[in-house]
Asker: 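Take this structure first; my questions come after.
This is a predicted model, so every value here is computed, not measured. Counting from 1, the numbers follow the sequence of the chain as shown.
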Amino acid sequence: MSIIKNNRRQFLQHTALGLAAATFPGLLLANKGQVKSRPTPGFNPDIEMQMTARQGYVQVLKSGPRTRVQKFYAKLMKGPKKTLQHLKGNYLGPILNYEKGQKVRIFFNNALSEPSIIHWHGLHVPQKSDGHPMYTIQPGEQFVYEFEVMNRAGTSFYHSHTHELTAEQVYKGLAGIIYVTDDEEKKLNLPSGEFDLPFVLQDRTFNSRNQLIYLQGMHGRMTGFLGDTILVNGKPHAEFSVKSRAYRFRALNGSNSRIYKMGWDDGTPLTAIGTDAGLLEKPETRPYIMLAPGERIDLWLDFSGRPVGSKLVMYSLPYSGAMPPMVEKRQKKKNGSSKGMGMMGGGGLAQGAKFPIATFNVTEKVSDSPKLPKRLVKFNRLTERDVDNADHPLPIAISMKPMNPMLNGKSYSMERVMDFEKVPVGSIKKIKIFHDHGMKKDKHEEEGSNGKMDMGESKSNGMGMGGMGMMGMGGGMGGGMALSMAHPIHLHGQQYQIISRKAGGMRLDEYATVKDGFIDTGWKDTVLVMPGEEIEIIKPFQDFKGFFLYHCHNLEHEDLGMMRQFYIY
Ligand code: C2O
Ligand code: CU
Ligand code: CU
């Protein structure tokens with residue numbers, strides 16, 4: 001990373017803080033020096049650890065040289081031993097095992113040669129501990145996180161969140177999985193210990209010396225990085241030896257932009273017991289399950305009754321419609337001419353191609369297995385009656401211009417919030433996520449740093465409507481429509497619920513390849529929005545004030561600026 005870029009980042013960081021402090025006195029920087037923060041005196045942690053981001057060398061591929069990676073190394077200073085579950089010889093950070101109610105302090109040390117910061121994706125924590133890119137620290141610096149685990153039992157994700165470097169740093173390895181448990185979950189007697197396993201899905205491309213290759217140049221950033229090697233828990237050709245009983249597999253899509261359609265090759269359906277950071281009210285069974293970057297699915301995989309020696313392969317099944325039509329066409333052409341299914345020029349694996357994810361070998365017969373509970377957890381189902389803006393949902397409008405994916409017509413800007421992005425703490429809001437292919441020239445395109453918050457320029461509710469009106473795919477594919485693709489939209493802070501998903505502008509035959517794979521009944525923090533879809537969610541904005549991001553979790557999109565923030569006041 002060049003010095004110029006570094007300086008620019010530092011500059012941004014300082015202006016953002018300066019402006020925010022000026023605009024919101026007392027909120028952000030009550031004490032100076034929070035950026036290189038210090039432990040808070042009255043905060044008595046149950047868990048205390050050091051976490052360091054550092055370059056390392058890991059044997060990722062079976063043979064040949066080790067791969068240079070960036071990795072989170074952690075050391076427990078206080079708290080239950082099981083808090084950190086190290087994955088030996090892996091670039092993934094340790095599994096973090098939390099319990100609801102625990103107080104956690106983490107000293108994050110940046111031992112990289114570039115800026116970094118960690119975000120706890122899925123955890124409901126104060127702004128200051130959320131890894132907002134304004135807190136990015138420089139090489140050699142330390143940042144102190146402090147929070148109480150307020151989440152229910154579920155699976156979350158931690159990863160680098162360094163603006164403009166998120167994609168690359170996550171790609172190089174700065175990621176890990178988080179488990180939260182609570183009393184309600186413990187009563188369910190779900191598979192635990194050796195029967196409760198992570199299932200982190202990522203794709204990478206290696207050169208002949210086993211080193212990671214990331215996107216070269218800008219080409220490909222618009223659609224996102226797609227690797228040709230599928231890794232599960234940091235390793236290729238994943239195989240699990242299982243007993244003939246039920247398992248819990250915590251699937252987390254930690255890929256930059258690949259969307260998986262998880263399914264058994266023989267058509268056996270898949271059962272889920274949890275979605276992003278929470279257990280479901282009751283299990284859900286689907287022929288296949290879509291998993292977009294940032295999403296999690298707790299799978300109940302039951303091998304009981306399977307004879308020893310049987311072998312099951314989980315695939316990512318073929319689907320279409322997630323990429324811009326032109327790109328998909330190009331991919332299909334290449335698929336036809338090359339031998340491997342789904343091969344794309346240069347050895348890439350197309351979005352929507354079929355490929356094996358992992359093999360499960362039943363190696364031991366056991367006589368009993370936990371039964372899938374009929375009911376899982378109590379669920380507080382949110383409805384329009386809980387919100388104060390049923391008729392005026394907050395918009396999240398997705399748009400793509402060449403090299404410029406945006407939300408609500410804007411690129412990310414650390415020091416800005418639009419009027420409608422300001423939400424009073426404690427409120428519960430309806431939010432509508434949709435594609436906005438309006439051809440109207442965006443008059444805010446040139447968003448200079450003129451040193452003030454975008455208070456007056458709300459385009460709020462008006463903007464969305466036009467977007468949906470122009471959908472219909474039948475006609476032209478002019479302008480933005482030609483770039484139409486799937487986006488996993490993630491909101492920081494508390495999880496939300498999906499109240500409706502309407503398909504409009506996608507070809508029905510393409511939509512049919514994905515539509516049965518969404519589990520919209522649970523708590524979510526990331527939702528896959530297919531082209532033409534309009535999704536309504538209800539999200540609580542409780543407990544914490546401050547800046548909370550929302551962005552596309554296609555990490556290339558995020559780094560290209562497809563990110564905004566709510567200001568909770
Ligand atoms: Cu997993 Cu803001 O990201
Ligand atoms: Cu997040
Ligand atoms: Cu996107």
Asker: Run the salt-bridge test on Glu146 and Arg105 with the 4.0 Å N-O cut-off and return the result as yes or no.
Answerer: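 A salt bridge is present here (some side-chain N lies under 4.0 Å from a carboxylate O).
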
Asker: Name the orientation class of the two ring planes belonging to His487 and His557 (parallel below 30°, tilted from 30 to 60°, perpendicular beyond 60°).
Answerer: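 His487 vs His557 ring planes: tilted.
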
Asker: List the residues meeting side chain to side chain donor-acceptor pair (under 3.5 Å) with Asp130, not counting sequence neighbours, and say none if there are none.
Answerer: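 Partners of Asp130 by the side chain to side chain donor-acceptor pair (under 3.5 Å) criterion, ordered by chain and then number, come out as His119, His492.
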
Asker: Any side-chain heavy-atom pair from Met563 and His163 closer than 4.5 angstrom?
Answerer: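 Met563 vs His163: side chains touch.
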
Asker: Please name the residue in the list Asn233, Leu201, Ile177, Ile178 that meets the side-chain contact (heavy atoms from CB on, under 4.5 Å) test with Leu252.
Answerer: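 Single pass found, and it is Ile177.
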
Asker: If we only count heavy atoms from C-beta on, is the Ser156 to Trp120 side-chain gap below 4.5 Å?
Answerer: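 No; the side chains remain at least 4.5 Å from each other.
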
Asker: Describe, in one word, how the ring planes of His121 and Phe157 are oriented to each other, choosing from parallel (under 30°), tilted (30 to 60°) and perpendicular (over 60°).
Answerer: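 The arrangement is tilted - the two ring planes meet at 30° to 60°.
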
Asker: If you look at every heavy atom in Ser116 and Thr162, which pair is closest and at what distance?
Answerer: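 Looking at all heavy atoms of both residues, the closest pair is CA-OG1, 3.2 Å.
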
Asker: Tell me, please, which residues at least two apart from Glu295 pass side chain to side chain donor-acceptor pair (under 3.5 Å).
Answerer: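 For Glu295 the side chain to side chain donor-acceptor pair (under 3.5 Å) partners, ignoring immediate neighbours, are Lys524.
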
Asker: Would you say the side chain of Leu61 lies within less than 4.5 Å of the side chain of Pro236, judging by non-hydrogen atoms?
Answerer: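 Touching, per the 4.5 Å side-chain cut-off.
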
Asker: Look at the aromatic rings of Phe249 and Phe199 and report parallel, tilted or perpendicular, splitting at 30° and 60°.
Answerer: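 Rings of Phe249 and Phe199: perpendicular, over 60°.
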
Asker: Run the side-chain contact (heavy atoms from CB on, under 4.5 Å) test on Leu112 and Lys172 for me, step by step, so that the C-alpha distance in whole Å, both residues' side-chain angles and the decisive distance to 0.1 Å come before the verdict.
Answerer: CA-CA 12 Å; Leu112 301 166; Lys172 288 177 177 165; over 6 Å; no

Asker: Is there a side-chain contact between Tyr179 and Arg250 in this structure, where contact means two heavy atoms from C-beta onward sitting under 4.5 Å apart?
Answerer: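 They are in contact (side-chain heavy atoms under 4.5 Å apart), so the answer is yes.
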
Asker: Tell me whether the guanidinium CZ or amine NZ of Lys75 lies under 6.0 angstrom from the six-membered ring centre of Tyr73 and within 45° of its axis.
Answerer: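 No, Lys75 does not lie over the aromatic ring of Tyr73.
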
Asker: What's the shortest heavy-atom distance between Arg258 and Gly227, and which atoms?
Answerer: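 Here Arg258 and Gly227 meet closest at NH2-O, 2.8 Å.
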
Asker: Any chance the side chains of Gln138 and Asn110 put a donor and an acceptor closer than 3.5 Å?
Answerer: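 Judged by distance alone, the side chains do not pair up.
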
Asker: Do Tyr135 and Gln127 pair up side chain to side chain, a donor and an acceptor below 3.5 Å, judged on atom types alone?
Answerer: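 Judged by distance alone, the side chains do pair up.
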
Asker: Is it the case that Tyr260 and Ser255 place a side-chain donor and acceptor less than 3.5 Å from each other?
Answerer: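 Side chains of Tyr260 and Ser255: pair found under 3.5 Å.
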
Asker: Using a distance-only test with no angle check, is there a side-chain donor-acceptor pair under 3.5 angstrom linking Glu114 and Gln70?
Answerer: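 Yes, side-chain donor-acceptor contact under 3.5 Å.
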
Asker: What is the distance from atom CE of Met222 to atom CG of Leu483, rounded to the nearest 0.5 Å?
Answerer: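 Separation between the atoms: 5.5 Å.
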
Asker: Any side-chain donor-acceptor pair under 3.5 Å between Asp276 and Gln495?
Answerer: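 Checked: Asp276/Gln495 side chains show no N/O donor-acceptor pair below 3.5 Å.
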
Asker: Okay, side chain of Glu328, backbone of Gly321: is any donor-acceptor separation there less than 3.5 Å?
Answerer: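 Here the side-chain-to-backbone pair exists.
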
Asker: Could you check if a side-chain atom of Phe147 sits within less than 4.5 angstrom of a side-chain atom of Lys128, using non-hydrogen atoms only?
Answerer: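 They are not in side-chain contact.
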
Asker: When Ser316 is tested against each of Ile357, Leu349, Ile230, Leu291 for side-chain contact (heavy atoms from CB on, under 4.5 Å), which residue passes?
Answerer: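 Running side-chain contact (heavy atoms from CB on, under 4.5 Å) over Ile357, Leu349, Ile230, Leu291 with Ser316 returns exactly one hit, Ile357.
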
Asker: Between Glu558 and Leu555, is there a side-chain heavy-atom distance shorter than 4.5 Å?
Answerer: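 Of all side-chain heavy-atom pairs linking Glu558 with Leu555, at least one is under 4.5 Å.
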
Asker: Grab the two heavy atoms, one from Asn554 and one from Ser257, that are nearest each other, plus how far apart they are.
Answerer: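 The answer is ND2-CB, 3.3 Å.
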
Asker: Classify the ring geometry of Tyr214 against Tyr171: parallel below 30°, tilted from 30° to 60°, perpendicular beyond 60°.
Answerer: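 Aromatic pair Tyr214/Tyr171 classed tilted.
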
Asker: Hey, can you tell me if Phe72 and Phe108 have their rings parallel, tilted or perpendicular (30° and 60° cut-offs)?
Answerer: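 Because their plane-to-plane angle is over 60°, the rings of Phe72 and Phe108 count as perpendicular.
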
Asker: Indicate yes or no: at least one non-hydrogen side-chain atom of Phe434 is less than 4.5 angstrom from one of Ile398.
Answerer: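 A side-chain contact is absent here, since even the closest heavy-atom pair is not under 4.5 Å.
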
Asker: Any side-chain heavy atom of Tyr550 sitting closer than 4.5 Å to one from Asn408?
Answerer: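 Yes. Closest side-chain heavy atoms under 4.5 Å.
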
Asker: Just jot down the salt bridge (Lys or Arg N to Asp or Glu O under 4.0 Å) partners of Arg152, sequence neighbours excluded, or say none.
Answerer: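 None.
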
Asker: For Gln565 and Arg416, work out which heavy atoms get closest and say how close.
Answerer: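 Taking every non-hydrogen atom into account, NE2-O, 3.1 Å.
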
Asker: Does the cation-pi check pass for Arg501 over Phe518, that is, NZ or CZ under 6.0 Å from the six-membered ring centre and within 45° of its axis?
Answerer: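 The answer is yes; both the distance and angle limits are met.
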
